[in-house]
Amino acid sequence: MKKLATIFTMAFCAIAIHSVAFAQADILLTGKITDEATGKAVSAKYEIVDSEGKKVQGKSNSVGGAYQAILKAGQDYTINITSFDILKKTEVFSIPASAKYIEHSQDFTVKKLVTGTHLYTLHAFDANQSSVLPTVNTELGALRDVLKQNRLLKVIIQVGSNDTEFPKPKPVEVPKAKAKAKPKKGSKKGEVVVPVPDVVISTEPVISPEQQLMNNRIAALKEYFADVRNAEERIKYVCEVPGTATTAKTKTGIANLTINVGEVKDMFE
């Protein structure tokens with residue numbers, strides 16, 4: 001009986017020693033948040049979320065962009081960085097395992113909202129379709145959030161149709177006028193009556209299939225951003241000139257949506 005108790009005691013101690021050896025200590029995460037274009041410090045709010053949904057929140061300072069947070073070692077985290085003058089940044093990072101207290105450095109860059117800044121080049125529509133693809137919800141959702149947060153921000157969205165092949169337009173047949181026309185009864189001698197073709201020429205502008213597709217895509221985007229205040233004034237839509245677009249590719253397909261920053265003002269001006 002004593003021998004059995006000794007075995008249980010040794011097993012318990014081994015488990016305890018193993019647990020202590022592999023327990024993850026607290027670590028101090030430090031770093032800087034800077035503008036990816038200029039390298040200058042950015043003051044922004046950040047939220048760090050672990051795999052269980054626990055959150056750590058803070059704000060980087062405006063002088064050097066420094067931030068810090070106490071986290072557990074050996075885990076994966078997601079950081080969300082937001083401010084009225086940056087595009088929301090979401091990034092996943094890992095902290096190495098450690099049984100003792102350490103300091104871990106991790107820097108992040110964000111995209112500052114400055115007039116003319118390129119934000120996205122996206123494959124937002126399938127060929128010959130006008131429904132916004134769910135694969136761009138992250139990018140368009142981030143844009144929608146910052147438009148809601150900064151009501152002085154304006155953007156320019158260029159929509160294309162270069163992902164779709166269209167049939168070549170058929171040549172328009174113009175009816176030929178008759179060489180000679182017989183005088184109409186009752187007309188004076190020598191008077192010639194010019195025949196009128198039995199074709200009615202429409203004065204309505206002709207919309208090409210390319211233009212119609214881009215118009216439909218713009219309508220879908222307007223619906224997507226319908227809850228943005230004054231969207232009709234702050235979001236400018238531009239169509240690519242058919243036949244002049246390049247076939248730039250993204251990870252998911254041919255690019256057919258480009259977004260740039262338009263006019264942007266400081267909220268405290």
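In what follows, every heavy atom counts, from backbone to side chain, and hydrogens, waters and symmetry copies are set aside. Note that the structure is a prediction, hence the values are computed from the model and not measured. We count residues from 1, following the sequence as given.
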Output a table of donor-acceptor pairs, distance under 3.5 Å, between side-chain atoms of residues 35-44 and any protein atom two or more places apart or on a different chain; print 'none' if there are none.
from, atom 1, to, atom 2, distance (Å)
D35, OD1, A37, N, 3.2
D35, OD2, T38, OG1, 2.9
T38, OG1, K40, N, 3.2
S43, OG, S60, O, 3.2

Legend entry - Non-neighbouring partners of Y120 that pass ring pair (Phe, Tyr, Trp, His ring centres under 6.0 Å), sequence neighbours left out: none
Legend entry - Within 6.0 Å of NZ in K59, more than 12 heavy atoms from elsewhere: no
Inset, instruction - Go through the structure and list residues passing salt bridge (charged side-chain N to carboxylate O under 4.0 Å, His left out) with D26, not counting sequence neighbours. - result: K72
Legend entry - Contact list for residues 36-65, test ring pair (Phe, Tyr, Trp, His ring centres under 6.0 Å), sequence neighbours left out: Y46-Y67
Using atom types as modelled, flag every donor-acceptor pair under 3.5 Å from a side chain in residues 130-142 to any protein atom, sequence neighbours excluded.
from, atom 1, to, atom 2, distance (Å)
N137, OD1, Y224, OH, 3.4
N137, ND2, P134, O, 3.4

Inset, instruction - Considering only Ile, Leu, Val, Met, Phe, Trp and Tyr, and joining two whenever side-chain heavy atoms are under 4.5 Å apart, list the other residues clustered with V238. - result: I156
Inset, instruction - Using ring pair (Phe, Tyr, Trp, His ring centres under 6.0 Å) as the criterion, list what pairs up with F166, not counting sequence neighbours. - result: none
Inset, instruction - Please list, chain by chain and in numerical order, all residues satisfying side chain to side chain contact (heavy atoms under 4.5 Å, CB included) with T30, sequence neighbours excluded. - result: L28, Q68, S105
Inset, instruction - Sequence neighbours left out, what pairs pass side chain to side chain donor-acceptor pair (under 3.5 Å) with at least one residue falling in residues 77-88? - result: N80-T90, S83-D85, D85-K112
Inset, instruction - Could you list the residues that satisfy side chain to side chain contact (heavy atoms under 4.5 Å, CB included) with T117, not counting sequence neighbours? - result: K111, V114, L119, V261
Inset, instruction - Would you please name every residue forming a side chain to side chain contact (heavy atoms under 4.5 Å, CB included) with A219, sequence neighbours left out? - result: none
Legend entry - Partners meeting side chain to side chain contact (heavy atoms under 4.5 Å, CB included) with E223 (sequence neighbours left out): none
